[in-house]
Amino acid sequence: MATTRRPTLKDVAQAAGVSTTTASVVLTNRREGVRVPDATRHRVQQAAEDLGYRPNILARSLRTQTTRTIGFVSDEVTTTPFAVGMLAAAQDEAARHGYLLFVVNLGPNAPLALQEQAIDQLAQHQVGHFIYGCMYHRVVDPPAGLPADAVFLNCEASGGRHRSIVPDERQGAYEVVKELIEAGHRRIAFLDDHRHPPASRLRFNGFRAALAEHGLEYEPALHLETTPFVRGGLVLSDLIDLPDERRPSAVFCYNDRIAMGAYRAARARGLRVPEDLSIVGFDDQEFIASELDPPLTTVRLPHREMGRLAIQLVLDEPGALDDVPESEDGVIRIAGELVRRDSVAEPRGAWGQRTPSS
């Protein structure tokens with residue numbers, strides 16, 4: 001049985017009645033130094049479509065020593081719904097530019113040698129651009145072999161040699177705590193991540209900034225460090241048991257999982273959210289924030305915006321940073337979105353008695 005021959009560039013040129021050079025210019029979108037009339041361009045594109053022509057990427061890569069691919073090296077981004085929006089947006093943006101995303105998922109805490117091996121393998125396949133992505137905001141040491149124009153996504157590269165894209169943690173915390181203050185709360189607790197990742201420090205700074213701007217003092221007794229999981233929110237019980245005059249009327253949780261635990265702790269003490277206690281979170285994590293009862297007011301991480309921008313930066317797209325400030329150390333912070341739901345209400349005294357108007 002004969003095998004159907006794959007259409008070649010020469011076949012397309014003959015069908016369109018043009019030279020092979022002209023067909024190549026049209027189908028590779030090269031415009032420099034060659035002016036192809038629109039009618040001719042359309043004729044070549046139509047011929048390619050009719051013949052089912054597909055460019056030979058391997059042959060092109062042998063000539064140019066690169067391919068229209070972008071290497072995406074990550075820890076757990078591809079296996080968790082929490083941050084997978086970054087990858088989906090990056091894939092869409094890469095496709096928009098005619099590139100494919102070559103994804104390598106290494107898993108959590110991958111040894112540096114394994115990371116370097118993955119990068120070397122991608123480079124051997126003529127991958128011309130690299131993105132290094134993380135599931136959560138942290139500082140990482142760049143593996144050897146990454147080019148200077150590699151972009152770090154949802155993490156900060158140490159050394160200041162590479163650009164990094166991370167959420168604006170401080171601004172997000174400021175906005176959600178401001179929401180509590182504008183609802184009338186004056187005693188606001190913070191349930192923090194005991195591991196002290198970069199996001200913890202920045203969210204704490206935003207918390208303090210919102211308090212200070214509204215003339216409120218930071219109270220260390222209302223700042224508890226806990227595990228960043230649902231069980232971590234159970235430490236809220238320690239604050240609920242405080243005397244009335246020291247008890248918070250609202251709680252800012254480091255993330256939505258802690259907020260879920262805080263809901264449980266409040267209900268175990270017979271308190272209602274938000275009638276007796278307002279609770280806010282951070283991340284807008286899928287299947288948590290919108291599904292709590294009542295739905296949680298929180299900050300949505302800008303994962304999709306970050307994924308798109310990473311592709312634009314590695315491809316050096318003009319104007320990519322026109323509306324985004326870049327710090328001196330190459331860190332680009334993308335603002336999240338305050339998502340207002342039903343977990344915030346005006347404060348009440350003694351868990352149910354309305355605070356007298358001032």
Side-chain angles (χ1 to χ4, degrees), residues 137 166-193 196-226 233 235-236 238-240 242-256 258-259 262-263 265-266 271-284 289 292 294-302 325 327 333-358:
H137 184 178
V166 297
D168 194 336
E169 314 276 8
R170 183 185 185 279
Q171 182 63 24
Y174 169 85
E175 293 292 342
V176 77
V177 174
K178 179 183 175 184
E179 186 79 359
L180 293 172
I181 296 172
E182 291 183 344
H185 294 279
R186 295 298 177 265
R187 294 185 58 76
I188 303 171
F190 180 27
L191 303 188
D192 197 0
D193 185 346
H196 303 140
S200 169
R201 171 179 52 81
L202 294 166
R203 292 177 194 183
F204 175 59
N205 290 344
F207 171 71
R208 292 285 302 268
L211 294 180
E213 185 175 292
H214 293 83
L216 303 178
E217 292 187 8
Y218 163 67
E219 299 185 44
L222 299 183
H223 181 187
L224 300 185
E225 296 182 352
T226 187
V235 301
L236 178 62
D238 296 340
L239 299 179
I240 293 174
L242 291 172
D244 288 353
E245 68 277 5
R246 295 173 54 200
R247 190 182 293 157
S249 63
V251 183
F252 167 44
C253 299
Y254 169 80
N255 63 24
D256 297 341
I258 292 178
Y263 271 52
L271 303 180
R272 299 165 300 169
V273 178
E275 292 85 355
D276 300 320
L277 182 69
S278 291
I279 298 177
V280 298
F282 207 109
D283 294 344
D284 195 32
L292 286 171
L296 181 69
T297 292
T298 186
V299 177
R300 178 176 297 147
L301 288 172
S327 65
R333 304 189 189 280
I334 307 298
E337 177 188 356
L338 175 63
V339 181
R340 295 181 176 90
R341 295 194 177 100
D342 301 323
S343 64
V344 177
E346 61 182 343
R348 298 166 182 259
W351 304 126
Q353 300 300 317
R354 189 177 300 275
T355 302
S357 301
S358 57

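Just so you know, these numbers use all the heavy atoms, side chains as well, and skip hydrogens, waters and symmetry mates.
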Rounded to the nearest 0.5 Å, how far does CD1 of I240 lie from CZ of R247? 8.0 Å
Nearest heavy-atom neighbours spanning P347 and S249: CB-OG, 3.8 Å
When you measure from the side chain of D256 to the backbone of F282, do you find a donor-acceptor pair of N or O atoms at a distance under 3.5 Å? yes
Taking Y263 for the side chain and P294 for the main chain, is one N or O donor matched with an acceptor at less than 3.5 Å? yes
Give the minimum heavy-atom separation between P167 and H137, together with the two atoms involved. CD-ND1, 4.2 Å
Min side-chain heavy-atom separation H223-F207 under 4.5 Å: no
Does a sphere of radius 6.0 Å around CD in E217 hold more than 12 heavy atoms from other residues, nucleotides or ligands, not counting ones at 6.0 Å or beyond? no
What pairs with R341 under salt bridge (charged side-chain N to carboxylate O under 4.0 Å, His left out), at least two apart in sequence or on another chain? D284
Test salt bridge (charged side-chain N to carboxylate O under 4.0 Å, His left out) on R203 and D283; report intermediate values, then the result. CA-CA 12 Å; R203 292 177 194 183; D283 294 344; 3.3 Å; yes
Side-chain atoms of residues 177-184: list all donor-acceptor pairs with protein atoms under 3.5 Å, sequence neighbours left out, distances to 0.1 Å.
from : atom 1 : to   : atom 2 : distance (Å)
E179 : OE1    : R340 : NE     : 3.2
E179 : OE1    : R340 : NH2    : 3.3
E179 : OE2    : R340 : NE     : 2.8

Please check if the side chain of T297 supplies one atom and the backbone of V280 the other of a donor-acceptor pair under 3.5 Å. no
Working note: I188 + L222, criterion side chain to side chain contact (heavy atoms under 4.5 Å, CB included); need CA distance, chi angles, decisive distance, verdict. CA-CA 7 Å; I188 303 171; L222 299 183; over 6 Å; no
Counting only N and O atoms by type, is there a donor-acceptor contact under 3.5 Å from the side chain of H214 to the main-chain atoms of A210? yes
Any heavy-atom pair between the side chains of L236 and L191 that's under 4.5 Å? yes
Ignoring hydrogens and geometry, is there a side-chain-to-backbone donor-acceptor pair from R187 to R246 under 3.5 Å? yes
